[in-house]
Asks: 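The structure's right below; bear with me while I get my questions together.
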Amino acid sequence: MHIMAINYQDENHIFTLNTEHTTYQMQVDRYGFLLHLYYGAKVSGNMNYLLTYYDRGFSGNPADVREDRTYSMDALPQEYPVMGTGDYRSSALIIRNADDSDCCDLRYVGYQIRKGKYVLKGLPAVYAAEEEAETLEIVLEDAISKVQVRLLYGVLEKDDIITRSAVITNCGKDEILVEKAASACLDFITGDFDLLSFYGRHAMERNLQREKIAHGNFMIGSRRGTSSHQYNPAVLVAGTNTTEDAGSCYGMVFVYSGNFRCEAEKDQYGQTRVMMGLHDELFHYPLKQEETLIVPETILSYSKEGFGQLSLQFHHCIRDHICRGKYNKEVRPVLLNSWEAAYFDFNGEMICKLAKEAAELGMDLIVMDDGWFGKREDDNSGLGDWQVNEEKLGCTLGEMIQRINALGVKFGIWIEPEMVSEDSDLYRRHPDWVLCIPGRKPVYSRNQLVLDFSRAEVREAVFLQICQVLDQGNIEYVKWDMNRSLSEAYSMEHHQGKVMYDYVLGVYEFLERIIERYPNLFIEGCSGGGGRFDAGMMYYTSQIWCSDNTDAIDRLRIQYGTSFFYPTATVGSHVSAIPNHQTGRSTSLHTRGIVAMAGNFGYELDPGKLTEEEKEAIREQIKVYRGDAELIQNGDYYRLSNPFLDEYAAWMFVSSDKKRVLLYAVMLEIHGNMTVNYVRLKGLLEDGIYQEVQTGKRYFGAALMEAGIPLPVELGEYLGYRMEFAVIDS
Ligand code: GLA
């Protein structure tokens, strides 16, 4: 008989969640508190022997336990620590009651175990088939305020994935405010840890930072209304010796695209608490009687084999259980985007010319980027007026698409539905539709304002406009952009403490409606590149433009950071012109191609400016990509170097049967009398004989993994290499 992934022992109230290689355990103790016992490599038995009790100074005791001075919430590891029980560490939940007290004392009420994975109404979440997952729901309640919290755990046994969410309901009569809410808390009773987080800025996203979790509270997060370029909502918690290939590590990925807060704290007793949840600033969520707040999901995973293995677990989870849609597993079209080719300076004739050149080069799709609607000659006006500028195009959109389709090229279009320019008809008609504080001037960014997407009528008006555009012809792709941070969390309609959260749910609702209405449309997400590169958006847009920085060398680092959690299939990546528009750097077409091929491939340049040789090289590049695309998109990805530290960047893809391998490398440094760099491959069959397809050279898998392969020593900057290996029989 198969043992359930979720197990409850009635005699000692222990809940155990088992995946193939991990165990997670918690216990309802004699006072009804839900204590965390263990998360890590698979173990058997009850882990409550880890808990220790002694009289600790200045660590108070709850009233019903006060005879026992050894019992303190200030020291015990917990599943969902709240403000109000004498735990002075950071709380997962803070409730402001009707009497203005900040207090909540959650005790156990009951549980339910069911087959399948829970869903979260209005929010993205990991999905799974009925037989792939189990759900545990634990109900906790505050006896006085009747605030009820349902902790949800989803267990995907085969994938070594555990998800967590919290559903907060006001079962009392008086209105309360939720002042802070996390979906996951990991309390570690013992151990020293590092926190790995991914910081950045526009055009330089997801740089890796590794910091010791020390005494104090270390926090990353976003107050920008989006998950942000500045901090990605995903972290690793690792043993201080953990490396790419060895050691213990945990990952936490927030499935949400708005304000978040992740904090790590080492407490007075040397215990570590790491939490992921909604940001508590700009957040005071009111709940009237029977109203509910759902805290977005956090995906957890653990590996004792280093970051590489943990990344694979997240890649599989996000690709197979977050990304949706009919294109998810399909190889994506090779596209040409008009942005860096023409910016705002185009007309219909030019788009058709780009499409013709795209066809001649062997590409599949042309994207008409920003500038086709309203009055939009630059980025100072027009947002909100989603009417085709037929004067600029010189024809209707439908006619233009027909011309493009006749060339055998698909058509895609850019939109930025959440935004409005002051110089637009929409704003002139509805100045009260923007997020803005009455009586104050707003903060501008790119000279645009943000529409209040927490309001249904605002979404509806934009939705109708966008549908009218999408209905004008055979539009097969949309690039969904979002080009500024929110600044005034003030809605003319709603309670101000709700706006940041309701805005994001509004965006999700809008996207879901578009997906329902256009099931064959492929949507690529974007927010000034990777400003909303998160698992929440991936549920709706399974591909996201990774960064506005298309410089091959910077991209190596951006894609390296991105790869810790997000699979290649989610990464949009293009070859652009040189000198690069963001950095002024020049790299060869070959190197630019290799780097862009670590994602969904395309071009972002004017083919009319290319030489015949370059065009021929691009035709060849696309041919090579088509042969590799399936493996790049669905194979296992391994990092083989750290491009922030090493002289080269290297990465590889392996097929699920481990018989086909693609290895890529780009030299980052060149020196006189160069020392040789050896790249060690990963994930191969030890006894497999791998033949390098181009040279015919043969190697044992174990040799490639243990000793590696020398990278060529050649003169020149940023040389790029692609090597292909296949297992030969015997
Ligand atoms: C953002 C995107 C770019 C481009 C411009 C258009 O910056 O990231 O790719 O679409 O907007 O304004």
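In each ligand, atom 1 is the first atom listed, and ligand 1 is the first ligand listed.
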Asks: Got an N/O contact under 3.5 Å between Lys479 and ligand 1?
Replies: yes
Asks: Can you tell me how the ring of Phe254 sits relative to the ring of Phe260, calling it parallel under 30°, perpendicular over 60° and tilted otherwise?
Replies: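 The rings of Phe254 and Phe260 sit tilted, inter-plane angle from 30° to 60°.
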Asks: Less than 3.5 Å between some nitrogen or oxygen of Trp339 and one of ligand 1, yes or no?
Replies: no
Asks: Could you tell me which atoms of ligand 1, counted from 1 in the order shown, lie closer than 4.0 angstrom to a heavy atom of Cys526?
Replies: 2 (C), 8 (O)
Asks: What atoms of ligand 1 come within less than 4.0 Å of a heavy atom belonging to Asn483?
Replies: 1 (C), 7 (O), 11 (O)
Asks: Just need the protein heavy atom nearest to atom 2 (C) of ligand 1, so name the residue and atom and give the distance.
Replies: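 Protein heavy atom at minimum distance: Asp481 OD2, 3.0 Å.
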Asks: Taking the six-membered ring of Tyr540, is the NZ or CZ of Arg324 close enough (under 6.0 Å from the centre) and on axis enough (within 45°)?
Replies: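 Verdict for Tyr540: a cation-pi partner in Arg324.
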Asks: Do the side chains of Asp320 and Lys329 get close enough for a salt bridge, i.e. N-O under 4.0 angstrom?
Replies: yes
Asks: Please tabulate, for the side chains in residues 514-521, all donor-acceptor contacts under 3.5 angstrom to protein atoms that are two or more places apart in sequence or on a different chain.
Replies:
from: Arg517; atom 1: NH2; to: Asp471; atom 2: OD2; distance (Å): 2.5
from: Tyr518; atom 1: OH; to: Cys467; atom 2: O; distance (Å): 3.4
from: Tyr518; atom 1: OH; to: Asp471; atom 2: OD1; distance (Å): 2.7

Asks: Looking at Glu416, Glu418, Glu524, which one forms a side-chain hydrogen bond (donor to acceptor under 3.5 Å, both in side chains) with Trp480?
Replies: Glu418
Asks: Regarding Arg332 and the six-membered ring of Phe601, is the cationic atom NZ or CZ under 6.0 Å from the ring centre and inside 45° of its axis?
Replies: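 No, Arg332 and Phe601 do not form such a contact.
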Asks: Report, in ascending order of atom number, the atoms of ligand 1 lying under 4.0 Å from any heavy atom of Asp370.
Replies: 6 (C), 12 (O)
Asks: Does any N or O of ligand 1 fall below 3.5 Å from an N or O anywhere on Gly529, backbone included?
Replies: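 Right, the criterion is met.
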Asks: Any atoms of ligand 1 less than 4.0 Å from a non-hydrogen atom of Trp545? List them with their elements.
Replies: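 That gives atoms 8 (O), 9 (O) of ligand 1.
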Asks: Evaluate Asp548 for polar contact with ligand 1, using N/O atom pairs at a separation under 3.5 Å.
Replies: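 Checking ligand 1 against Asp548, an N or O pair does fall under 3.5 Å apart.
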Asks: Validate the cation-pi geometry between Arg555 and Trp545: distance from NZ or CZ to the six-membered ring centre under 6.0 Å, angle to the ring axis within 45°.
Replies: yes
Asks: Look at atom NZ of Lys392 and say whether more than 12 heavy atoms of other residues, nucleotides or ligands are closer to it than 6.0 Å.
Replies: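 Correct, the count exceeds 12.
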Asks: In ligand 1, which numbered atoms sit nearer than 4.0 Å to a non-hydrogen atom of Asp369?
Replies: 4 (C), 6 (C), 10 (O)
Asks: Below 4.0 Å from ligand 1: does a non-hydrogen atom of Arg446 turn up there or not?
Replies: yes
